[in-house]
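Worksheet: one structure, shown below.
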Amino acid sequence: MTGTFRSSPRAVILALAAALLFGASTPLAKTLLRSSSPLVLAGLFYLGAALAVAPASFRGSTAALRTNRGQIGLLGGAVFFGGMLAPVLLLLGLRLAPAASVSLWLTLETVATTVLAWAVFREHVDRRTWAAAALIVAAGALLALPEGRTSVQAGLLVALACVCWGIDNNLTSLVSGYTPAQTTLVKGLAAGAVNLTLGLLLEPAPLRPGIVLPALLVGALSYGVSIVLYISSAQQLGASRSQMVFASSPFLGVLLAWALFREHALAVQLLAGGVMAAGIGLMLTASHEHEHAHEAMGHTHSHRHDDGHHTHRHPGLPASHRHTHPHVHEPLVHRHPHVPDLHHRHPH
């Protein structure tokens, strides 16, 4: 692992924890889809997410930052693409294909996030990362071969979901006016209410406790807690790098699909998994260092005072203590290994 990632071990751990929680959701959702529609299930997942983070969403940030039009626009886009569109597309694809294959297809989210981060959001992406993205795309294509037309349709639906989550990931990594819990609460309430309402209107059916309670629990852990952990990581690593670590989530979904739900392990899944693992390994060895300038800015995010970027002081607070509050950065020029986090949004 390069110096880039050694400088942010906590962020990598956060992304891994988020990945483990989200990875479990795919095989569990496959089971719940037997008794629910994709829209209703997506709504319940995000309402569960909102319930999980609500107690932690009342502290941090300030009204001035939360009401900034730019921040509201970023958050609104993340809610629409990541909260409303992506989960419904995923669940539609999950209806047509094995949970293990869908879990592996979700690694395409890494590619979508990386391409969008480079093309639209000004993140630096090196040749090693592009090679890794190509491997992951090739592995996704392998998985679409065995079952013909149905498999291709499912793969396209999951790929579209990954593009939507790629947009969400990039927008969310730039949200600095809200804490991760506040961002997740807004996304959960808005996306959950809209999708659940649409689902009940389009496919009227009673909401049974046997579906509602498990769906809320899956949403609380795999979407609520997972999203908070992922946002915290993305703000420290940047959208593309945090997504590289998060790309491990589908492999847990595959293992659960095989072990708990007795899906048959296909040779093409094993081959595609190996190719994807190689791609993720390439991504994790990327490094980036040069002299760069920081402009003055004010924002809210989790930080510590021994990273060379946060020079304000709190009497009696150790420099290594991580905390969250609104703060202002003075202009600064320096050189060090870095990733496209909230402080390093420049092409190179």
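Side-chain atoms of Leu216 and Val212, non-hydrogen and from C-beta on, do get closer than 4.5 Å to each other. Side-chain contact between Leu200 and Leu207 is present, with at least one heavy-atom pair separated by less than 4.5 Å. Inter-residue side-chain proximity for Trp130 and Val115 is flagged as met; some heavy-atom pair is nearer than 4.5 Å. Contact of the Tyr46 side chain with the Pro87 side chain is registered, since non-hydrogen atoms from C-beta on lie closer than 4.5 Å.
Across all non-hydrogen atoms, the minimal contact from Ala215 to Phe45 is O-CD2, 3.3 Å. Residue Gly224 comes nearest to Thr184 through the heavy atom pair O-CG2, 3.8 Å, listed as atom of the first residue, atom of the second, then distance. For the residue pair Ala86 and Cys164, the shortest heavy atom distance occurs at CB-CB, 3.8 Å. The two residues Ala99 and Thr26 come nearest to each other via the heavy atoms O-CG2, 3.8 Å. Taking both residues in full, the closest heavy atoms of Ala78 and Thr172 are given as CB-OG1, 3.5 Å, listed atom of the first, atom of the second, then distance. For the residue pair Ala17 and Leu229, the shortest heavy atom distance occurs at CB-CD1, 3.7 Å.
Looking at Glu109, its side chain never comes within 3.5 Å of a backbone N or O of Gly166 through a donor-acceptor pair. A distance-only check finds no donor-acceptor pair linking the side chain of Lys30 to the backbone of Pro98 [under 3.5 Å]. Here the side chain of Ser57 pairs no donor or acceptor atom with the backbone of Ala181 at under 3.5 angstrom.
In terms of hydrophobic clustering, with Ile, Leu, Val, Met, Phe, Trp and Tyr side chains grouped at heavy-atom distances under 4.5 Å, Leu89 and Leu116 are assigned to a common cluster. Clustering ILVMFWY residues whenever any of their side-chain heavy atoms sit less than 4.5 angstrom apart, transitively, puts Leu32 in the very cluster that holds Leu90. Note on Val120 and Leu171: same hydrophobic cluster, where clusters join Ile, Leu, Val, Met, Phe, Trp and Tyr whose side-chain heavy atoms are under 4.5 Å apart, directly or indirectly. With hydrophobic clusters built from ILVMFWY side chains whose heavy atoms lie under 4.5 angstrom apart, Val225 does not share a cluster with Ile227. Under a hydrophobic-cluster definition in which Ile, Leu, Val, Met, Phe, Trp and Tyr are linked whenever side-chain heavy atoms come within less than 4.5 Å, directly or via other members, Val88 and Leu201 are assigned to different clusters.
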Assess the residue pair Ile72 and Tyr178 against the criterion (side-chain contact (heavy atoms from CB on, under 4.5 Å)); give the C-alpha distance rounded to whole Å, side-chain angles, the decisive distance to 0.1 Å, and a yes or no.
CA-CA 9 Å; Ile72 292 174; Tyr178 301 80; 3.6 Å; yes

Would Leu33 and Leu91 count as a side-chain contact (heavy atoms from CB on, under 4.5 Å) here? Give the steps.
CA-CA 8 Å; Leu33 273 172; Leu91 293 171; 4.0 Å; yes

Give the intermediate values and the outcome of side-chain contact (heavy atoms from CB on, under 4.5 Å) for residues Leu74 and Gln71.
CA-CA 5 Å; Leu74 290 171; Gln71 290 294 300; 3.8 Å; yes

Show the numbers, then the answer: is there a side-chain contact (heavy atoms from CB on, under 4.5 Å) between Val163 and Leu108?
CA-CA 8 Å; Val163 171; Leu108 293 172; over 6 Å; no

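Annotation: side-chain contact (heavy atoms from CB on, under 4.5 Å) contacts of Arg208 (sequence neighbours excluded): Ser35, Ile211.
Residues in residues 186-196 take part in these salt bridge (Lys or Arg N to Asp or Glu O under 4.0 Å) pairs, two or more places apart or across chains: Asp168-Lys187. Applying the ring-ring contact (aromatic ring centres under 6.0 Å, His included) test to every pair with at least one member in residues 11-35, sequence neighbours left out, gives these pairs: Phe22-Trp165, Phe22-Tyr223, Phe22-Phe246. The ring-ring contact (aromatic ring centres under 6.0 Å, His included) analysis of residues 189-210, with sequence neighbours excluded, yields no pairs.
In the hydrophobic clustering (ILVMFWY side chains linked at under 4.5 Å, chained through shared members), Leu185 is joined by Val53, Leu189, Val228.
Considering CG of Leu39 and OG1 of Thr197, their distance stands at 10.0 Å, rounded to 0.5 Å. Atom CG of Leu92 and atom CG of Leu157 lie 6.0 Å apart (nearest 0.5 Å). Interatomic distance, Asn169 CG to Leu174 CG, rounded to the nearest 0.5 Å: 11.0 Å. Annotation: the span from Leu14 atom CG to Ser226 atom OG amounts to 11.0 Å, rounded to 0.5 Å. Distance check, rounded to the nearest 0.5 Å: CG of Leu41 to CG of Leu28 gives 10.5 Å. Ser36 contributes atom OG, which lies 6.5 Å from atom CG of Leu44 (distance to the nearest 0.5 angstrom).
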If you look only at distance, which donor and acceptor atoms sit under 3.5 Å apart when one is on a side chain in residues 272-279 and the other is two or more places apart or in another chain?
none

